[in-house]
Amino acid sequence: MVQPSALKNENLPLEVVADVVEEITDVFTTAVGTRILLDEDAVVLRDLALKYDSGAALERHEALALMRLAQRVRPWGPVITQKIRDWESSDS
């Protein structure tokens with residue numbers, strides 16, 4: 001499991017990103033009996049996996065996309081909500 005302290009760094013190691021993507025995917029596919037991932041979610045996850053495969057660094061907008069997927073599972077999560085606010089305000 002990815003530790004929250006590992007997610008505080010803006011320049012996450014690609015191994016951490018891969019772990020986060022795997023955990024999010026597991027939550028989406030096993031916690032709910034119905035499909036909650038959309039086609040556009042598959043594009044986000046696919047592109048991040050390909051980026052990992054090429055050795056490219058994760059960018060802020062990609063971390064934000066992952067955090068938005070996490071928010072769909074835990075919309076009341078204070079860390080998720082705060083990070084989305086922080087990242088959206090710093091990007092504008």
Side-chain angles (χ1 to χ4, degrees):
M1 174 177 249
V2 176
Q3 297 301 315
S5 60
L7 300 176
K8 291 181 181 178
N9 186 350
E10 288 182 29
N11 299 313
L12 297 174
L14 291 176
E15 293 80 15
V16 172
V17 174
D19 289 344
V20 169
V21 170
E22 183 176 339
E23 288 179 34
I24 289 171
T25 302
D26 286 346
V27 167
F28 282 138
T29 57
T30 59
V32 177
T34 61
R35 181 176 179 218
I36 59 173
L37 283 177
L38 306 173
D39 287 339
E40 56 265 25
D41 301 330
V43 171
V44 169
L45 295 171
R46 179 205 61 206
D47 290 350
L48 288 171
L50 291 172
K51 193 167 204 175
Y52 170 79
D53 191 46
S54 71
L58 178 71
E59 296 175 27
R60 173 71 62 90
H61 74 276
E62 294 162 328
L64 183 57
L66 286 173
M67 199 62 82
R68 286 184 178 134
L69 287 174
Q71 187 178 44
R72 287 180 23 207
V73 173
R74 193 179 302 154
W76 58 88
V79 174
I80 294 168
T81 301
Q82 188 58 52
K83 274 298 176 189
I84 289 172
R85 280 189 199 134
D86 292 347
W87 292 345
E88 286 176 339
S89 67
S90 69
D91 287 344
S92 51

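Given the structure is predicted, the values throughout are model-derived calculations rather than measurements. Quick note: numbers below take in every heavy atom, side chains included, and nothing from hydrogens, waters or symmetry partners.
In the displayed structure, Arg74 atom CZ is contacted under 6.0 Å by at most 12 heavy atoms of other residues, nucleotides or ligands.
With sequence neighbours excluded, the residues that form a side-chain contact (heavy atoms from CB on, under 4.5 Å) with Ala63 are Leu58, Trp87. With sequence neighbours left out, Asp47 forms a side-chain hydrogen bond (donor to acceptor under 3.5 Å, both in side chains) with no residue at all. For the side-chain hydrogen bond (donor to acceptor under 3.5 Å, both in side chains) test, residues two or more places apart in sequence or in another chain that qualify with Gln82 are Asp86.
With respect to the salt-bridge test (charged N to carboxylate O, under 4.0 angstrom), the residues Arg68 and Glu88 qualify.
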| request: Could you check Met67 against Glu62 for side-chain contact (heavy atoms from CB on, under 4.5 Å), going step by step and ending with a plain yes or no? | output: CA-CA 9 Å; Met67 199 62 82; Glu62 294 162 328; over 6 Å; no
| field | Verdict with reasoning, Ile80 to Val73, per side-chain contact (heavy atoms from CB on, under 4.5 Å) | value | CA-CA 10 Å; Ile80 294 168; Val73 173; over 6 Å; no
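In terms of heavy-atom proximity, Ala65 sits nearest to Val44 at CB-CG1, 3.9 Å. For Leu45 against Leu69, the heavy-atom pair with the smallest separation is CD2-CD1, 4.0 Å. Contact between Arg60 and Ser90 at its shortest, heavy atoms only, is NH1-OG, 2.8 Å.
Without hydrogens or angle criteria, Thr81 side chain to Pro78 main chain gives no donor-acceptor distance under 3.5 Å.
Leu66 contributes atom CG, which lies 10.5 Å from atom CG of Asp41 (distance to the nearest 0.5 angstrom).
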